[in-house]
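Just so we're on the same page: letters track the sequence lines, and every chain starts at 1. Keep in mind that this is a model prediction, so the values were computed, not measured.
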Amino acid sequence: MPPTRPDLAPDGSLEREEMEAMQREIGDAAVFDDEFVFDPSTLGDPLATAAGGADPPVIVGVDQSFLRGEDGEFDRALSAVVAMRGGEVIERAHAVTPLEIPYIPGLLAFREGGPILEALEVLPVDPDLALFDGSGRIHFRQAGIATHVGVVRDLPSIGVAKSLLCGTPRESTENLPEGARVPIEADSSVDAPDGDLLGYAVQTRQYDSPDRYINPLYVSPGHRVGPETAADAVLALASSYKLPEPVRLADSYAETAKGEIDH
DNA sequence: GCGACAG
DNA sequence: ATCTTGTCGC
């Protein structure tokens with residue numbers, strides 16, 4: 001399953017201005033509403049298969065680790081994808097590519113998008129939905145890594161970030177109860193009308209004790225998923241840990257695969 | 001000029 | 001992201 005928009009594939013050799021122009025194009029091409037065929041209520045349900053008709057959707061989690069070269073510097077990115085269906089892992093794949101540019105806030109997809117697209121290419125199953133470690137629409141030009149890869153592959157996608165890149169929470173996000181969500185709205189730093197709903201701070205897990213608390217995740221539409229569904233999906237997929245299961249498993253697989261290569 | 005910034 | 005020590009809680 002090749003990319004639908006290879007012309008928008010992230011290219012680390014572009015000038016910064018060209019990268020930003022491409023991101024505006026991606027933000028325009030992106031669909032920030034529900035536009036998928038599967039039933040979102042079956043996402044986190046291990047019994048969905050037994051319950052009835054169609055197979056539950058294939059969900060993939062994507063995450064990266066990094067490899068050092070001879071000089072001890074990071075020179076390669078490893079992207080790991082884990083595919084799940086009905087709560088079970090059905091496939092895994094990974095790819096390694098050279099790092100072309102440093103980490104620059106707002107340009108993450110041009111650093112890590114290459115290995116992600118390769119790993120998705122190698123994955124022997126067609127995903128219905130992808131969850132990324134990073135932003136989607138919560139991005140200066142509404143084109144975070146989840147949106148970028150989603151548009152290039154025309155794949156429904158969701159951004160799951162552990163910290164907020166831009167935008168403004170409508171209210172405090174401190175010490176939210178489990179299951180709570182707080183809207184993240186566009187501000188002057190975002191290329192969108194002020195106040196537009198970019199995504200949600202989502203509290204998947206929380207302590208009972210009052211002294212310490214867990215930070216929320218920042219969930220935003222990547223492509224073909226609305227903000228409500230994005231938050232619903234993350235909550236449904238994060239039953240046991242803070243991170244949604246596909247992303248958590250991709251995280252550990254990225255570490256495992258790194259250890260097997262680096263050696 | 002200053003601040004602020006996914007992974 | 002990666003590194004790394006220390007602490008809390010079941």
Side-chain angles (χ1 to χ4, degrees), chain A residues 10 12 16 19-20 23 26-27 30 61-69 71-81 94 96-117 119 130-150 157-169 173 184 186-191 198-202 205-223 230 234 240-244 247-248 250-259 261-262:
Chain A
R16 182 172 185 140
M19 292 181 179
E20 295 184 353
Q23 288 183 326
I26 287 161
V62 185
D63 193 22
Q64 282 71 243
S65 61
F66 297 87
L67 302 174
R68 295 177 186 281
D71 57 3
E73 298 296 301
F74 295 111
D75 65 345
R76 291 158 290 165
L78 185 158
S79 183
V81 304
H94 70 270
V96 178
T97 68
L99 286 171
E100 296 180 300
I101 60 169
Y103 166 68
I104 301 166
L107 298 179
L108 184 66
F110 291 90
R111 176 173 164 88
E112 302 182 3
I116 293 175
L117 287 165
L131 274 64
F132 292 85
D133 59 313
S135 280
R137 194 185 182 184
I138 298 178
H139 179 276
F140 308 123
R141 292 164 292 281
Q142 306 187 84
I145 193 160
T147 303
H148 199 139
V149 175
S157 63
I158 295 170
V160 182
K162 294 180 286 297
S163 59
L164 189 59
L165 175 62
C166 60
T168 306
T173 59
I184 305 297
D187 56 26
S188 60
S189 75
V190 180
D191 195 348
L198 301 178
Y200 286 100
V202 175
R205 304 284 291 166
Q206 190 53 280
Y207 293 135
D208 295 319
S209 47
D211 26 291
R212 203 163 46 144
Y213 61 89
I214 299 173
N215 294 130
L217 294 171
Y218 297 92
V219 178
S220 55
H223 181 48
V234 167
S240 307
Y241 299 87
K242 172 173 175 172
L243 284 175
V247 175
R248 195 180 70 83
D251 191 283
S252 65
Y253 178 44
E255 286 304 308
T256 305
K258 174 171 70 169
I261 289 172
D262 208 19

A:R212 or A:Q64: which one's nearest nucleotide on DNA chain C is closer to the 5' end?
-> A:Q64

Tell me: [atom1] of [X] to [atom2] of [N], nearest whole Å?
X	N	atom1	atom2	answer
A:Y200	B:dA6	OH	C1'	20 Å
A:I145	C:dA1	CD1	P	12 Å
A:L108	B:dC5	CG	C1'	12 Å
A:K258	C:dC3	NZ	P	5 Å
A:D187	B:dA4	CG	C1'	11 Å
A:R205	C:dG9	CZ	C1'	14 Å
A:D251	B:dA6	CG	P	17 Å
A:Y103	B:dC5	OH	C1'	6 Å

So, is A:S65 close to the C:dA1 phosphate, meaning a side-chain N or O under 4.0 Å from OP1 or OP2?
-> no

Respond yes when some side-chain nitrogen or oxygen of A:K162 is under 4.0 Å from OP1 or OP2 of B:dA6, and no when none is.
-> no

Tell me, do [X] and [Y] make a side-chain contact under 4.5 Å, heavy atoms counted?
X	Y	answer
A:F132	A:S157	yes
A:V234	A:V247	no
A:H139	A:L165	yes

Are A:R111 and A:Y103 in a cation-pi contact, defined as NZ or CZ under 6.0 Å from the six-membered ring centre and within 45° of the axis?
-> no

Search all heavy atoms of [X] against all heavy atoms of [Y] and return the closest pair with its distance.
X	Y	answer
A:K242	A:L217	O-CD1, 3.3 Å
A:L78	A:I261	CD1-CD1, 3.6 Å
A:T147	A:R137	OG1-N, 3.6 Å

Of the candidates B:dA6, B:dG7, C:dG9, the side chain of A:H139 sits closest to B:dA6

Which nucleotide in the list B:dC5, B:dA6, C:dT2 gets nearest to the side chain of A:F140?
-> B:dC5

How would you label the contact of [X] with the nucleic acid (heavy atoms, under 4.0 Å): base, sugar-phosphate, or nothing?
X	answer
A:L99	nothing
A:I138	nothing
A:F66	sugar-phosphate
A:Y218	nothing
A:S163	sugar-phosphate
A:E255	sugar-phosphate

Going from CG on A:D63 to NE2 on A:H94, what distance comes out if it is rounded to the nearest 0.5 angstrom?
-> 14.0 Å

For DNA chain C, what dot-bracket results from Watson-Crick or G-U pairs at under 3.5 Å, with [ ] for crossers and | for inter-strand partners?
-> ..........

